[in-house]
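Accompanying notes for the structure given below.
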Amino acid sequence: MNTEFLQHTALFRGFQTNEIEAAITHLGGHVKTFSKEMMILHEGDFTDEMGIILSGSVTIERIDYTGSRSILAHNSTGHMFAETYAFLKNEALMVDVVANEECEILFINLKRVQTPELKQFSWYPTLLLNLLNISDHKNLKLSRRSFHTLSKHVRGRVLSYLTAQSRKCGSNEFDIPFNRQQLADYLNLDRSALSNELGKMRDEGMIEFHKNHFQMIQ
């Protein structure tokens with residue numbers, strides 16, 4: 001287990017190497033590998049475990065009764081998923097977690113966090129604080145997505161998302177984590193409508209793009 005890498009993850013921030021090893025042992029940590037497009041967790045599942053992405057990336061998505069897909073998030077190496085469901089009791093997943101590419105996941109049993117014997121360890125308060133911070137950041141991430149989909153117009157949603165990505169990267173030139181279909185699903189748009197609007201924005205000199213690389217023209 002690469003404890004140096006894990007020290008930079010949100011769950012183990014502030015931990016020493018020996019503390020990470022102890023936490024993984026007591027929280028039943030184990031690693032699984034998934035191929036591209038493989039289902040990691042399915043809507044309706046119950047889970048005691050959160051996932052930490054050691055390599056690759058996953059999408060958090062939902063398929064409605066008509067078969068339409070909405071992407072709620074894209075999580076890359078070092079990020080986490082399913083921590084809320086793993087911590088709460090009897091809460092079925094409302095989303096699917098799908099491997100966006102070949103990925104390696106460390107699973108941690110969060111139900112064990114609530115057992116009395118863990119309170120004896122010096123790293124226990126840090127673990128709880130880190131879990132709270134993770135939850136807060138996830139709430140902010142979902143709020144940002146809701147802002148991107150507020151506009152009734154395709155251009156408004158696209159500009160909201162691209163502007164946020166530009167600010168996040170600190171540059172008017174940046175890569176996004178989605179292909180066209182995934183971006184359409186994330187913004188709750190039809191793919192052809194998205195592609196048409198991107199073409200219009202490029203023709204009007206607002207943006208340049210190639211695949212998932214974008215440039216905002218000022």
**Fill in**
Nearest heavy-atom contact between His74 and Ser57 is NE2-OG, 3.5 Å
**Request:** Using the salt bridge (Lys or Arg N to Asp or Glu O under 4.0 Å) rule, take Arg202 and Glu208 through it: C-alpha gap first, then chi angles, then the decisive distance, then the call.
**Result:** CA-CA 6 Å; Arg202 179 175 55 192; Glu208 290 290 342; 5.4 Å; no
**Item:** Common cluster, Ile134/Leu41, ILVMFWY with side-chain heavy-atom separation under 4.5 Å
**Value:** no
**Request:** Side-chain contact test, heavy atoms from C-beta onward, threshold under 4.5 Å: evaluate it for Asn179 versus Asn212 and give yes or no.
**Result:** no
**Asked** Is Glu43 atom CD crowded by more than 12 heavy atoms from other residues, nucleotides or ligands, each under 6.0 Å away?
**Response** yes
**Request:** For the pair Arg69 and Glu61, evaluate salt bridge (Lys or Arg N to Asp or Glu O under 4.0 Å) and give the outcome as yes or no after the intermediate values.
**Result:** CA-CA 7 Å; Arg69 181 176 71 160; Glu61 57 188 54; 3.2 Å; yes
**Prompt:** Is there side-chain contact between Leu54 and Val31, with at least one heavy-atom pair below 4.5 Å?
**Reply:** yes
**Request:** For the pair Tyr161 and Phe178, name the ring-plane relationship: parallel under 30°, tilted 30 to 60°, perpendicular over 60°.
**Result:** tilted
**Prompt:** Linking I/L/V/M/F/W/Y whenever their side-chain heavy atoms sit closer than 4.5 Å, directly or via other members, would Ile24 and Ile105 fall into one cluster?
**Reply:** no
**Asked** Should the heavy atoms of other residues, nucleotides or ligands under 6.0 Å from NE2 of His210 be counted, would the total exceed 12?
**Response** no
**Request:** Spell out, as yes or no, whether a donor-acceptor pair under 3.5 Å connects the side chain of Asp96 to the backbone of Val98.
**Result:** no
**Item:** Nearest non-hydrogen partners of Cys169 and Phe174, listed with the distance
**Value:** SG-CB, 3.7 Å
**Message:** Quick check: do Met206 and Leu159 have side-chain heavy atoms less than 4.5 Å from each other?
**Reply:** yes
**Message:** Using modelled atom types and a 3.5 Å cut-off, is there a donor and acceptor pairing between side-chain atoms of Thr25 and backbone atoms of Glu21?
**Reply:** yes
**Message:** Can a donor-acceptor pair be found, under 3.5 Å and without considering hydrogens, that links the side chain of Thr149 to the backbone of Ser146?
**Reply:** yes
**Request:** Could you check Thr126 against Arg13 for side chain to side chain contact (heavy atoms under 4.5 Å, CB included), going step by step and ending with a plain yes or no?
**Result:** CA-CA 8 Å; Thr126 303; Arg13 188 168 292 124; over 6 Å; no
**Asked** Rounded to the nearest 0.5 Å, how far does CE of Met80 lie from CG of Asn130?
**Response** 9.0 Å
**Prompt:** For His137, what residues pass the side-chain hydrogen bond (donor to acceptor under 3.5 Å, both in side chains) criterion, not counting sequence neighbours?
**Reply:** none
**Asked** Looking only at heavy atoms, which two atoms of Thr59 and Gln182 are closest? And how far apart?
**Response** CG2-NE2, 4.1 Å
**Message:** Atom NZ of residue position Lys141 - does it have more than 12 heavy atoms of other residues, nucleotides or ligands inside 6.0 Å?
**Reply:** yes
**Request:** Calculate, to the nearest 0.5 Å, the distance between atoms CG and CG belonging to Leu88 and Leu110 respectively.
**Result:** 10.0 Å
**Prompt:** With a 4.5 Å limit on heavy-atom distance, are the side chains of Arg180 and Leu198 in contact?
**Reply:** yes
**Asked** Does Arg155 CZ have over 12 foreign heavy atoms under 6.0 Å away?
**Response** yes
**Prompt:** With a 4.5 Å heavy-atom cut-off, do Arg145 and Ser70 have their side chains touching?
**Reply:** yes
**Request:** Check whether any side-chain heavy atom of Gln215 lies under 4.5 Å from a side-chain heavy atom of Ile207, and answer yes or no.
**Result:** no
**Item:** Gln7 vs Thr17, side chain to side chain contact (heavy atoms under 4.5 Å, CB included): CA-CA, chis, key distance, verdict
**Value:** CA-CA 8 Å; Gln7 281 180 310; Thr17 297; 4.0 Å; yes
**Prompt:** Salt bridge between Lys32 and Glu104, side-chain N to carboxylate O under 4.0 Å?
**Reply:** no
**Item:** Ile176-Val58 co-clustered via ILVMFWY side chain contacts under 4.5 Å
**Value:** no
**Request:** Taking all heavy atoms of Phe107 and all of Glu49, pick out the closest pair and write down the distance.
**Result:** CB-OE1, 3.7 Å
**Message:** If you apply the rule side chain to side chain contact (heavy atoms under 4.5 Å, CB included), what do you find for Thr163 with Arg167, and how did you get there?
**Reply:** CA-CA 6 Å; Thr163 300; Arg167 288 172 179 169; 3.6 Å; yes
**Fill in**
Of all heavy-atom pairs linking Ser166 and Ser171, the shortest is OG-O, 2.7 Å
**Prompt:** Does Asn109 use its side chain to pair, donor to acceptor, with the backbone of Leu27 at less than 3.5 Å?
**Reply:** no
**Message:** Rounded to the nearest 0.5 Å, what separates atom NE2 in His213 from atom NZ in Lys211?
**Reply:** 13.0 Å
**Audit row: Met201, Glu204, side chain to side chain contact (heavy atoms under 4.5 Å, CB included) steps and yes/no** = CA-CA 5 Å; Met201 292 170 68; Glu204 293 172 21; 5.6 Å; no
**Prompt:** Can you find a heavy atom in the side chain of Lys138 that is under 4.5 Å from one in the side chain of Leu142?
**Reply:** no
**Request:** Please name all residues satisfying side-chain hydrogen bond (donor to acceptor under 3.5 Å, both in side chains) with Glu117, sequence neighbours left out, ordered by chain then number.
**Result:** none
**Item:** Value rounded to 0.5 Å, distance of NE2 in His26 from CG in Leu118
**Value:** 7.5 Å
**Request:** Kindly indicate whether the side chain of Gln181, heavy atoms from C-beta on, has any atom under 4.5 Å from the side chain of Asp185.
**Result:** yes
**Prompt:** His148 vs Tyr186 aromatic rings, parallel, tilted or perpendicular, using cut-offs 30° and 60°?
**Reply:** tilted
**Asked** So, does Ser135 use its side chain to make a donor-acceptor pair with the main chain of Leu132 at under 3.5 Å?
**Response** no
**Prompt:** Are Val154 and Phe214 grouped together when hydrophobic residues (ILVMFWY) are joined by side-chain heavy atoms under 4.5 angstrom apart?
**Reply:** yes
**Message:** Using modelled atom types and a 3.5 Å cut-off, is there a donor and acceptor pairing between side-chain atoms of Asp64 and backbone atoms of Ser68?
**Reply:** yes
**Message:** Please find the pair of heavy atoms, one from Ala22 and one from Trp123, that lie closest to each other, and give the distance.
**Reply:** CB-NE1, 4.0 Å
**Request:** Apply the test salt bridge (Lys or Arg N to Asp or Glu O under 4.0 Å) to residues Glu197 and Arg157: give CA-CA distance (whole Å), side-chain angles for both, the deciding distance (0.1 Å), then the verdict.
**Result:** CA-CA 10 Å; Glu197 193 60 44; Arg157 297 187 184 192; over 6 Å; no
**Complete:** Interatomic distance, CG@Leu6 vs CZ@Phe15, rounded to 0.5 Å, equals 10.5 Å
**Asked** Are Leu140 and Phe147 joined in one hydrophobic group, where the rule is that I, L, V, M, F, W and Y side chains link up if heavy atoms are under 4.5 Å apart?
**Response** no
**Message:** Once rounded to the nearest 0.5 Å, what's the spacing between atom CD1 of Ile40 and atom CG of Asp45?
**Reply:** 12.0 Å
